[in-house]
> 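Input: one structure, supplied below.
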Amino acid sequence: MNKNIDARVQSLLDWLVSHPIPTTWRSSSVFPSAGERRSRSRGSDGYDFAARVLYEPGDDIRDIDWAATAATGGQEIYIIQNFEPRDSRFFVLVDVGLTMGFGTNRTSKRMLAGELTGSVILSAKETADRVGFVAYTDDSVVDFQPPRGAQVALYPALAAIVEADERAMDGTLANKNADKSVTGFQMALDTVGGYTKSLVFIISDFLNLTEEDKAMLFKLAAYHDVVCINVQDLRERELPNSFGFYTFEDLKTGQRKTIWLNKKNREQFEANFHAHEQELFDLFRRCQCDWEVVSTEEGLAAHAKLMQLFAGHRT
């Protein structure tokens, strides 16, 4: 691996370890761990004792409790029912597209997504759950990792985000999808579609969603528990409170536009953003997704919001 990428991943890991987000997902409650989520099973591979019941034709003879059966003089046959852990999966879908490179305070949206990804995966590590990871751009999926142990998933996921950031900076974050009718967002959602019900985190700025994107999100959220984390930057919400020339740059095309800052322009810019934000939140409501807004300048200030968001989910 590129030494610069490795150094940046290590720096991100250091930040995550020194700024953990406490969760209440263990048995105390809201989101118990894999070994604490119980479903009744008659299989011989069960883990914890659930009940002793009379044998019925079709039951596995390996489950017979011979001691209890002998106590009846062989008149009745008892089997042991066990509790078996239900496998819960997390998925983290991360937008690493060109607009995610924007950031004017502390970090970029893409690296904020890296911090959030690490926080989710470390939380899954605490509860011994498996985590799948997908990184996508506007037009393609650039990294997919099937569900696996959180400890194993953490470094490769962060490395994929950092690598995308490096490629964006040197101009090689190229789109590989020839079919422009299918977006990277749709491809990312499609990777989760075939799995059993999971807790799916989508971390993105959610800019320029197509009608097909919205329809697919609605479909996915009808089955999976979907949480959308909307990453923003202060300069997307409001312009500087000053007067003079101000230049915008389209990160996708490189085109620039310069305006004269004044009160009218600032108010119109803010109104346009809030209209977009309201439309996005209305979409999340229709899809019955939970969501939270995290901005690049927040840093540790975002932890309280994330603790509340994490604690509100179970599978």
> Between Asn230 and Gln232, do the side chains contain a donor N or O and an acceptor N or O under 3.5 Å apart?
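Side chains of Gln232 and Asn230: pair found under 3.5 Å.
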
> Taking all atoms of both residues into account, what is the closest heavy-atom pair of Phe90 and Phe201, and its distance?
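In terms of heavy atoms, the two residues are closest at CD2-CE1, 3.8 Å.
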
> So, using salt bridge (Lys or Arg N to Asp or Glu O under 4.0 Å) as the criterion, who are the partners of Arg106 when residues are at least two apart?
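Residues passing salt bridge (Lys or Arg N to Asp or Glu O under 4.0 Å) with Arg106: Glu115.
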
> Would Arg235 and Phe248 count as a cation-pi pair here, with the cationic atom under 6.0 angstrom from the ring centre and within 45° of the axis?
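Because its charged atom misses either the 6.0 Å distance or the 45° angle limit, Arg235 does not stack over Phe248.
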
> Just so I know, are the side chains of Val227 and Val200 near enough to count as touching, which here means a heavy-atom distance under 4.5 Å?
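They are not in contact (no side-chain heavy atoms under 4.5 Å apart), so the answer is no.
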
> Check the pair Val142 / Val96 against side chain to side chain contact (heavy atoms under 4.5 Å, CB included), numbers first and verdict last.
CA-CA 9 Å; Val142 295; Val96 296; 3.9 Å; yes

> Determine whether the side chains of Thr296 and Thr107 contain a donor N or O and an acceptor N or O closer than 3.5 Å.
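Judged by distance alone, the side chains do not pair up.
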
> For Leu54 and Ile77, what are the C-alpha separation, side-chain angles and deciding distance, and is it a side chain to side chain contact (heavy atoms under 4.5 Å, CB included)?
CA-CA 6 Å; Leu54 286 171; Ile77 301 176; over 6 Å; no

> For Ala113, is there any backbone N or O sitting under 3.5 Å from a side-chain donor or acceptor partner on Thr117?
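Between the backbone of Ala113 and the side chain of Thr117 there is a qualifying donor-acceptor contact (under 3.5 Å).
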
> To the nearest 0.5 angstrom, please state how far the CD1 atom of Ile229 sits from the SG atom of Cys289.
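The CD1 atom of Ile229 sits 12.0 Å away from the SG atom of Cys289.
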
> Are any of the side-chain heavy atoms of Val134 and Val141 separated by less than 4.5 Å?
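A side-chain contact under 4.5 Å exists here.
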
> Measuring from Ser119:OG to Leu309:CG, what's the distance to the nearest 0.5 Å?
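Those atoms lie 11.5 Å apart.
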
> Counting only N and O atoms by type, is there a donor-acceptor contact under 3.5 Å from the side chain of Thr72 to the main-chain atoms of Glu76?
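Side chain of Thr72 to backbone of Glu76, a donor-acceptor pair under 3.5 Å: yes, one is there.
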
> With a 4.5 Å limit on heavy-atom distance, are the side chains of Leu199 and Phe91 in contact?
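They are not in contact (no side-chain heavy atoms under 4.5 Å apart), so the answer is no.
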
> Should we say atom CZ of Arg256 is surrounded by more than 12 heavy atoms from elsewhere, each under 6.0 Å from it?
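No, not enclosed.
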
> Take atom CD of Gln278 as the centre, draw a 6.0 Å sphere, and report whether it contains more than 12 heavy atoms from other residues, nucleotides or ligands.
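Atom CD in Gln278 is packed in, count exceeds 12.
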
> Nearest 0.5 Å please: distance from the CG atom of Leu261 over to the CZ atom of Phe243.
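Output value for this atom pair is 8.5 Å.
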
> Considering all heavy atoms of both residues, which atom of Ser295 and which atom of Glu298 are nearest to each other, and what is their separation?
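Residues Ser295 and Glu298, closest heavy atoms: N-OE1, 2.6 Å.
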
> Whether the side chain of Glu279 engages the backbone of His276 through a donor-acceptor N/O pair (distance < 3.5 Å, no angle test) should be reported.
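Judged by distance alone, no pair lies under 3.5 Å.
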
> Check the hydrophobic clustering (I, L, V, M, F, W, Y; side-chain heavy atoms under 4.5 Å; chains of links allowed) and say if Met111 and Leu207 are grouped together.
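Per the 4.5 Å side-chain linkage, Met111 and Leu207 are not co-clustered.
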
> With side chains defined as the heavy atoms from C-beta onward, is the minimum distance between Ile161 and Leu12 less than 4.5 Å?
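Answer no - side chains too far apart.
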
> Leu112 and Trp15: same hydrophobic cluster, using ILVMFWY side-chain contacts below 4.5 Å?
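Linked, Leu112 and Trp15 end up in one cluster.
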
> Where do Phe133 and Val94 land on the side chain to side chain contact (heavy atoms under 4.5 Å, CB included) test, with the steps shown first?
CA-CA 8 Å; Phe133 173 80; Val94 181; 3.7 Å; yes

> Do Gln145 and Arg148 have side-chain atoms, one donor and one acceptor, less than 3.5 Å apart?
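Per modelled atom types, Gln145 and Arg148 side chains form a pair under 3.5 Å.
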
> In the structure I gave you, are the side-chain heavy atoms of His19 and Leu300 within less than 4.5 Å of one another anywhere?
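Yes, their side chains come closer than 4.5 Å.
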
> Does any N or O in the side chain of Lys257 come within less than 3.5 Å of the main-chain N or O of Glu249, such that one atom is a donor and the other an acceptor?
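Side chain of Lys257 to backbone of Glu249, a donor-acceptor pair under 3.5 Å: no, none is there.
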
> Between His224 and Ser198, is there a donor-acceptor pair closer than 3.5 Å when you use the side chain of the first and the backbone of the second?
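Checking the backbone N and O of Ser198 against the side chain of His224, a donor-acceptor pair under 3.5 Å is found.
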
> Is it true that Lys214 and Glu211 have a side-chain N and a carboxylate O under 4.0 angstrom from each other?
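A salt bridge is present here (some side-chain N lies under 4.0 Å from a carboxylate O).
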
> With distance as the sole test, does Thr137 use its side chain to make a donor-acceptor pair with the main-chain N or O of Ser140 at under 3.5 Å?
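Yes, Thr137 side chain to Ser140 backbone: donor-acceptor pair under 3.5 Å.
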
> Measure the CZ-CZ distance between Arg237 and Phe269 for me, rounded to the nearest 0.5 Å.
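That separation rounds to 10.5 Å.
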
> Is it true that a side-chain atom of Lys109 and a backbone atom of Thr99 form a donor plus acceptor pair closer than 3.5 Å?
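It does hold such a pair.
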
> Is there a donor-acceptor pair closer than 3.5 Å between any side-chain N or O of Tyr246 and the backbone N or O of Trp260?
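Looks like no, no N/O pair under 3.5 Å.
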
> Mind listing the closest non-hydrogen atom pair of Tyr155 and Leu13 along with its distance?
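Closest pair (atom of Tyr155, atom of Leu13, distance): CD1-CD1, 3.7 Å.
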
> Can you get from Leu234 to Val231 by hopping between Ile, Leu, Val, Met, Phe, Trp and Tyr side chains that sit under 4.5 Å apart?
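No.
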
> Any sub-3.5 Å donor-acceptor pair from Arg130's side-chain atoms to Ala124's backbone N or O?
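No, because the side chain of Arg130 does not come within donor-acceptor range (under 3.5 Å) of the backbone of Ala124.
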
> Quick one: are Ser108 and Phe102 in side-chain contact, heavy atoms under 4.5 Å?
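With C-beta onward as the side chain, the pair stays apart.
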
> Can you measure from CG (Leu209) to CG (Leu280) and round to the nearest 0.5 angstrom?
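Answer rounded to 0.5 Å: 6.5 Å.
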
> List the atom of Gly103, the atom of Asp233, and the distance in Å for their closest heavy-atom pair.
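Heavy atoms of Gly103 and Asp233 come nearest at CA-OD1, 3.4 Å.
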
> May I ask whether Phe281 and Leu283 are part of the same hydrophobic cluster, defined by side-chain heavy atoms of I, L, V, M, F, W, Y residues being less than 4.5 angstrom apart, directly or through others?
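Yes, one cluster joins them.
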
> Could you tell me if the side chain of Phe185 sits less than 4.5 Å from the side chain of Asp95, heavy atoms only?
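Counting from C-beta outward, Asp95 and Phe185 never come under 4.5 Å.
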
> For the residue pair Asp190 and Gln186, confirm or rule out a side-chain donor-acceptor distance under 3.5 Å.
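No - no donor-acceptor pair under 3.5 Å links their side chains.
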
> Who are the salt bridge (Lys or Arg N to Asp or Glu O under 4.0 Å) partners of Asp165, not counting sequence neighbours?
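Only Arg8, Arg110 meet the salt bridge (Lys or Arg N to Asp or Glu O under 4.0 Å) criterion with Asp165.
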
> Do Val293 and Ile202 sit in one hydrophobic cluster, given that two such residues count as connected whenever their side-chain heavy atoms are within less than 4.5 Å of each other, even indirectly?
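Linked within one cluster.
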
> Within a reach of under 6.0 Å around CD of Gln288, are more than 12 heavy atoms found that belong to other residues, nucleotides or ligands?
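Counting neighbours around CD of Gln288, 12 or fewer heavy atoms of other residues, nucleotides or ligands fall under 6.0 Å, so no.
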
> Could you tell me whether the side chain of Asp143 and the main chain of Ala135 form a donor-acceptor pair under 3.5 Å?
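Not at all, since once roles are kept as given, no pair shorter than 3.5 Å links the two residues.
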
> Between the side chains of Asp14 and Ser11, does any donor sit under 3.5 Å from an acceptor?
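Asp14 vs Ser11: no donor-acceptor pair found between side chains.
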
> Is there a side-chain contact between Asn262 and Asn265, using heavy atoms and a 4.5 Å cut-off?
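Answer yes - side chains close enough.
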
> What I want to find out is whether Lys3 reaches Asp6 closely enough, with some N-O distance under 4.0 Å, to be called a salt bridge.
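Asp6 and Lys3: not salt-bridged.
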
> For Asn272 and Gln268, does a side-chain donor sit closer than 3.5 Å to a side-chain acceptor?
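The criterion, which ignores hydrogens and geometry beyond distance, is satisfied for Gln268 and Asn272.
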
> Walk me through whether Met187 and Tyr136 qualify under side chain to side chain contact (heavy atoms under 4.5 Å, CB included).
CA-CA 8 Å; Met187 290 180 174; Tyr136 66 94; over 6 Å; no

> Checking side-chain contact (heavy atoms from CB on, under 4.5 Å) between Leu16 and each of Leu122, Leu116, Ile121, which is the one that passes?
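The side-chain contact (heavy atoms from CB on, under 4.5 Å) with Leu16 is passed solely by Leu122 among Leu122, Leu116, Ile121.
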
> Within a radius of less than 6.0 Å around CZ of Phe218, do more than 12 heavy atoms belonging to other residues, nucleotides or ligands occur?
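No, the 6.0 Å shell around CZ holds no more than 12 heavy atoms from other groups.
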
> So, taking the atom named CD1 in Ile203 and the one named SG in Cys228, what distance separates them when rounded to the nearest 0.5 Å?
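Answer rounded to 0.5 Å: 10.5 Å.
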
